[in-house]
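All heavy atoms count here, side chains included; hydrogens, waters and symmetry mates do not.
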Amino acid sequence: NFVFSRNRKQWYQRRVRGLTPKFYVALTGTSSVISGIILIFEWWYFHKHGNSLIEQLALTYVAPFIGGIDLPEKPAQSECKVWRNPMNLIRGCEYFKFMQATGNSPLTHYDMNLTAQDQQMFFCPDVTGAGDKSDELMALAWRSVDTEKRIQLALQAVASNASCASAYVLLAEECASTVPEADKYFRQALKIADNNIRRFVAVPSHDVKAHSLHRRDINICVYARRRVAMCLRKMGKLKECIKITRELIKEFPLMSVLHIHENLMESLLAQKAYNDVQALLTRYDDLNLPKSAVICYSAALLKIRPVCEKFFVDVTVKKGLTTHQFEAVEALQRAVEFNPHVPQYLLEEKPIILPPEHLLKRGDSEAVAYSFYHIAHWKEVPGSIKFLECFWKDTFKLIPFPLEKGKLFHPYTAGTEETDRELLPTFHDVSVYPKKELPFFLVFTAGLCLFTLSLALLTHFYPIFMGELARIALEYFATPFAMIAEHLQALLPQQVWNLLTRA
């Protein structure tokens, strides 16, 4: 037995020493290529779905065969409320033109479905049979997902009833090819809705259908006047835009849920009426009212404006922050804590795309919507971008981690990334906060790929040294197996061992 085991060990050593350096180069090179391919798939899957591909495959196909794996239950994600974007663009003359020019749709199906639900709620009577044939056609138009069919139904509604205000709203949104043309349609809808509201005085109070149509006309009136103001803003007529928006807020104070004040705030910033913006912030930047990126970052901009022009990094490092500079930094950190995605767009570290029709507060969709309009206002204030670049990252040192509680606001809601991905187009790289930790298998495959690639390069450039090192390593790792074979040989009968060794 001793002679047999020694002969077998010598045979094994001759086989190991007979391996050439080319074999080790091929072995390590192939291993690095395979691990690199696995790494690419792991990174792609993590970037798209947020978890590990290997882990997902193991849980799906391997776990059932071994009786399953008891995973800790994930806490239920609170529902993320989606808001209507108060500054959404006009589909026909803005969104659709972008799609025709680039071939990419700036709106997702989820976003457009939410808009269709809003339109049905705003522009359709809430009592069955309250309207005429034109209202029935418009009900079909608002439910349709085909743009051409919606426009055709709206044209049929106008042909059936020239006083169908909701039909002109749809034509303004989706049929008009220019902003002045959309403004013309919106004014026509506004004129019809105002006439219907004036005639409502003579309607009996018990007429349910008439009251339903009256509520519909009020919604059209508010919506059309707001869109007329936005068209004027796009055409550069700021004074008329501000006048209409102020009157709208004054006449319909209960419509604050539509955030019309954000339209007014943006127009005032474009006019550089900073005192009026401050007065508006005093009214709406209240603890009891919901915050938004427009309110928080506009407040920060007004605090930064008096101090940023004379702000120098070298002087600040030597002398420290003044009282006004410290207040500006606090306002900026408050805004960054509310929405940490905005600074990357204001600093142009990420490309700005067309804003969606709906947004998630404190999410990337809100950051895109805010930056699309307000980056110009920040650039109009000299030194504000530089001030932002110096201090915005310090905010994350003040926020508790993990984010079980915030500093000035509530902690970030789980599931914001998934909602933002549904609201924003696929060609946009969604900003995520807080950043997800890399899964174990992604780190493992990256380390394995680098390790095998390093071995392949070293073996290629230093074949003799690496070949000798590989032989020593193989002999070292083979020693336990040789000892196991000797013990098995001592335990098993000689005839059985001979049969096994021959096999």
Q.
Quick check on side chain to side chain contact (heavy atoms under 4.5 Å, CB included): which of Thr245, Ile244, Leu248 does Leu264 satisfy it with?
A. Thr245
**Q.** For Tyr345 against Ser371, the heavy-atom pair lying closest together
**A.** CB-OG, 3.2 Å
**Q.** Under 3.5 Å: donor-acceptor pair, side chain of Arg143, backbone of Ala116
**A.** no
Q.
Donor-acceptor pair, distance only, cut-off 3.5 Å: does the side chain of Asp183 make one with the backbone of Val179?
A. no
Q: Give a yes or no on whether Lys237 atom NZ has more than 12 heavy-atom contacts from other residues, nucleotides or ligands under 6.0 Å away.
A: no
**Q.** Donor-acceptor contact present, side-chain Asn339 to main-chain Gly363, <3.5 Å
**A.** yes
Q. Any donor-acceptor pair under 3.5 Å linking the side chain of Asn161 with the backbone of Ala157?
A. no
Q. Under the 3.5 angstrom rule, does the side chain of Ser365 hit a backbone N or O of Leu360 as a donor-acceptor pair?
A. yes
Q: Walk me through it: do Asp118 and Tyr223 pass the test side-chain contact (heavy atoms from CB on, under 4.5 Å)?
A: CA-CA 12 Å; Asp118 293 340; Tyr223 185 88; over 6 Å; no
Q: Show the numbers, then the answer: is there a side-chain contact (heavy atoms from CB on, under 4.5 Å) between Thr147 and Phe96?
A: CA-CA 10 Å; Thr147 302; Phe96 291 165; 3.6 Å; yes
Q) For Asp364, does its backbone N or O pair with a side-chain atom of Asp420 as donor and acceptor, under 3.5 Å? A) yes
Q | Between CG on residue Asp429 and CD on residue Gln344, distance to nearest 0.5 Å | A | 9.5 Å
(Q) Could you go through Cys296 and Arg334, starting from their C-alpha distance and side-chain angles, then the distance that decides it, and tell me whether this counts as side-chain contact (heavy atoms from CB on, under 4.5 Å)? (A) CA-CA 7 Å; Cys296 293; Arg334 171 178 177 264; 4.1 Å; yes
(Q) Is it the case that over 12 heavy atoms from other parts of the model lie below 6.0 angstrom from the NZ atom of Lys184? (A) no
Q.
Donor-acceptor check, side chain of Asn263 to backbone of Pro86, threshold 3.5 angstrom: yes or no?
A. yes
Q: Please check if atom CZ in Phe326 has more than 12 non-hydrogen atoms from other residues, nucleotides or ligands closer than 6.0 Å.
A: no
**Q.** Atom pair CD (Glu357) and OG1 (Thr115), whose distance is rounded to the nearest 0.5 Å
**A.** 3.5 Å
Q: List the atom of Ala335, the atom of Ala300, and the distance in Å for their closest heavy-atom pair.
A: CB-CB, 4.3 Å
Q: Look up atom CD1 in Ile90 and atom SG in Cys231, then write down how far apart they are to the nearest 0.5 Å.
A: 4.0 Å
Q.
If only side-chain N and O atoms count, and only distance matters, is there a donor-acceptor pair under 3.5 Å linking Asn219 with Arg216?
A. no
Q | Check ion pair Arg421-Glu417 (N to O, under 4.0 angstrom) | A | yes
Q: Mind checking side chain to side chain contact (heavy atoms under 4.5 Å, CB included) for Ala369 and listing every partner two or more places apart, or none if nothing turns up?
A: Asn85, Pro355, Leu359
**Q.** Inter-residue atom distance Gln120.CD - Met138.CE, 0.5 Å rounding
**A.** 11.0 Å
Q | Distance in Å, Asp135 CG paired with Leu213 CG, rounded so as to fall on 0.5 Å steps | A | 6.5 Å
Q: Quick one: closest heavy-atom pair of His261 and Leu280, and the distance?
A: O-CD2, 3.6 Å
(Q) Quick test of your reading of the model: are Glu174 and Arg91 salt-bridged, counting only N-O distances below 4.0 Å? (A) yes
Q: May I ask you to check whether over 12 heavy atoms, not counting those of Glu247, lie within 6.0 Å of atom CD?
A: yes
Q) Taking all atoms of both residues into account, what is the closest heavy-atom pair of Ile353 and Phe372, and its distance? A) O-CD1, 3.5 Å
(Q) With a 4.0 Å cut-off on N to O distance, would you call Arg227 and Glu173 a salt bridge? (A) yes
Q: Would you name the heavy atoms of His259 and Arg226 that are closest together and state the gap between them?
A: O-NH2, 3.6 Å
Q) Would a distance-only check, ignoring hydrogens and angles, find a side-chain to backbone donor-acceptor pair under 3.5 Å from Ser144 to Leu140? A) no
Q) Can you tell me how far CD of Glu418 sits from CG of Leu423, rounded to the nearest 0.5 angstrom? A) 12.0 Å
Q: Report yes or no: does Thr108 contribute a side-chain atom to a donor-acceptor pair with the main-chain N or O of Glu422 at less than 3.5 Å?
A: yes
Q. Are there more than 12 heavy atoms of other residues, nucleotides or ligands under 6.0 Å from atom NZ of Lys361?
A. yes
Q) Taking atom types as modelled, is there a side-chain donor on Glu266 or His377 under 3.5 Å from an acceptor on the other? A) yes
Q | Check against side-chain contact (heavy atoms from CB on, under 4.5 Å), Phe338 and Glu366 | A | CA-CA 11 Å; Phe338 181 82; Glu366 185 191 31; 3.7 Å; yes
Q) Do the rings of Phe123 and Trp142 sit parallel, tilted or perpendicular, given the 30° and 60° boundaries? A) tilted
Q) Got more than 12 heavy atoms from elsewhere within 6.0 Å of CG, Asp146? A) yes
**Q.** Ile197 backbone acceptor or donor facing Asp217 side chain under 3.5 Å
**A.** no
(Q) Are Tyr297 and Tyr370, when compared by the centres of their aromatic rings, separated by less than 6.0 Å? (A) yes
